2 protein chains.
Amino acid sequence: MEFNEAKEKFVSTWGALGTLWGINKAMAQIHAILFISPDPLTMEDIMEELGISRGNASMNLRHLMEWGIVYKINKTGERKEYFKSEKDVTELARQIAKERSRREIQPTIKVLKEVSGISSNGSLKEEEFIKKTKELYDLADTADTMLNKVIAQEQNWITKTLVKILK
Amino acid sequence: MEFNEAKEKFVSTWGALGTLWGINKAMAQIHAILFISPDPLTMEDIMEELGISRGNASMNLRHLMEWGIVYKINKTGERKEYFKSEKDVTELARQIAKERSRREIQPTIKVLKEVSGISSNGSLKEEEFIKKTKELYDLADTADTMLNKVIAQEQNWITKTLVKILK
DNA sequence: TTAAACTTTCAAAAATTATTGAAAATTAAT
DNA sequence: ATTAATTTTCAATAATTTTTGAAAGTTTAA
């Protein structure tokens, strides 16, 4: 496989994965080309490389910046804006995990806590509801805590060791 | 908050979370009502409770069965089919993780391995491509391994302890 | 301050995904 | 074998999401 084929394969796979994760294709693909590019790219570069419109590029770059995984840079003496992605994969994983926890897991945990807190009238239906939503609450809370700890900036001895042992 | 309000809130939150995770709303909501129901439900019950069509219920029940988190049961002497969900949250998490790993992470890992294996012509572009896709490969592989180990059926001493320590 | 270079916004169009509903298929009892 | 109960399939429709493109907005330099 030569470079261009590999690049296309990578970009389209990254786009497809994004789609499965609720991130739109253009956003994931823009991230992909920035991630593998040794130099920052302009909006024009991105539009051309992916064959997408200016509006699309602009909006998705904004989203990527909101996620904290793409930065805008200005080259002195140049009018155009350049974009580059977070290059450290650990940091990338951390940002994504953080964002997903904030947007998805935490709101869900909040609702699970609320609804599992109702008082039961003693019926089987209500007892079961409370029991099951409590169990989900515990699961989600554990998962979220672990996600945050494992990904946390300061990797402590335990987690570092753990990664080695588990892998 | 009384039971019906709590139930609706739970069902709709579960549906919304599913959507964010690339699982359609009906599928997630069907799972939700089965999960909190003390008894198995018929397709009719599900259609009525969620206000969805027969075709929709049928297809999404099939998907849930493919995911291994809903089972069909037949009551002796009854024509109708009943459905019940996996009730053990640990098992639920395990099945979901397994399915996602199989459908999403593993195919991605495969592509990353392929594309990072090309031979470079020595240019900065190609060197960077190989370096970055290799890093992603390592990250995805580590994440997948950990996911599988932590969720694995036979929780060993290390993981059990770990969950306690991290939480 | 004007003009050129560039970016953002957003209504409309296109593409994708989910849902319906009715016909076809299946199942089980008579 | 026929019928009635039930489920599945799938083409058509509806809903949602993404993308476009051009007008409006910004920024910088002269």
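In what follows, chains carry the letters A, B, and so on, assigned in the order in which the sequence lines appear, proteins first and then strands, with residues in each chain numbered from 1. In this text the structure is predicted, and so the values were computed from the model without any measurement.
- The nearest whole Å value for the distance from the CE atom in A/Met47 to the P atom in C/dT8 is 12 Å.
- The nearest whole Å value for the distance from the CG atom in A/Asn24 to the P atom in C/dT17 is 11 Å.
- Considering only side-chain N and O atoms, A/Arg54 lies nowhere under 4.0 angstrom from the phosphate OP1 or OP2 of C/dT9.
- Between B/Glu5 and B/Lys9, no side-chain nitrogen of the basic residue sits less than 4.0 Å from a carboxylate oxygen of the acidic one, so the salt-bridge criterion is not met.
- Ionic pairing of B/Glu49 and B/Lys7 is present here: one or more N-O contacts between side-chain nitrogen and carboxylate oxygen are shorter than 4.0 angstrom.
- Toward the 5' end of DNA chain D, the nearer of the two residues B/Glu44 and A/Ile23, judged by each one's closest nucleotide, is B/Glu44.
- With salt bridges taken as basic N to acidic carboxylate O contacts below 4.0 Å, one links B/Glu128 and A/Lys87.
- What separates CE of A/Met65 from P of C/dT8 is a distance of 6 Å, to the nearest Å.
- At a threshold of 4.0 Å, the pair A/Glu44-A/Lys80 does not count as salt-bridged, since none of the basic side-chain nitrogens sits closer than that to a carboxylate oxygen.
- For DNA chain D, the span of nucleotides reached by chain B at under 4.0 Å from its heavy atoms goes, 5' to 3', from D/dA4 to D/dC10.
- Of the charged side-chain nitrogens involved, none lies within less than 4.0 Å of a carboxylate oxygen, so that B/Glu81 and B/Lys75 do not count as a salt-bridged pair.
- Taking atom NE2 of A/His63 as the reference point, atom P of C/dT8 lies 12 Å away to the nearest angstrom.
- The CG atom of B/Asn56 sits 15 Å away from the C1' atom of C/dA22 (whole-angstrom rounding).
- One can place CZ of A/Phe83 at 11 Å from C1' of C/dC6, the figure rounded to the nearest angstrom.
- At whole-Å resolution of the value, CE in B/Met43 and P in C/dT19 are 15 Å apart.
- Going from atom CD1 of B/Ile52 over to atom P of C/dT19 covers 8 Å, rounded to whole Å.
- Remark: the A/Glu99 side chain and the A/Gln95 side chain contain no N/O donor-acceptor pair separated by less than 3.5 Å.
- Remark: A/Glu127 does not engage A/Lys131 in a salt bridge, criterion side-chain N to carboxylate O under 4.0 Å.
- Both A/Met59 and A/Arg79 sit near DNA chain C, but only A/Arg79 has its closest nucleotide nearer the 5' end.
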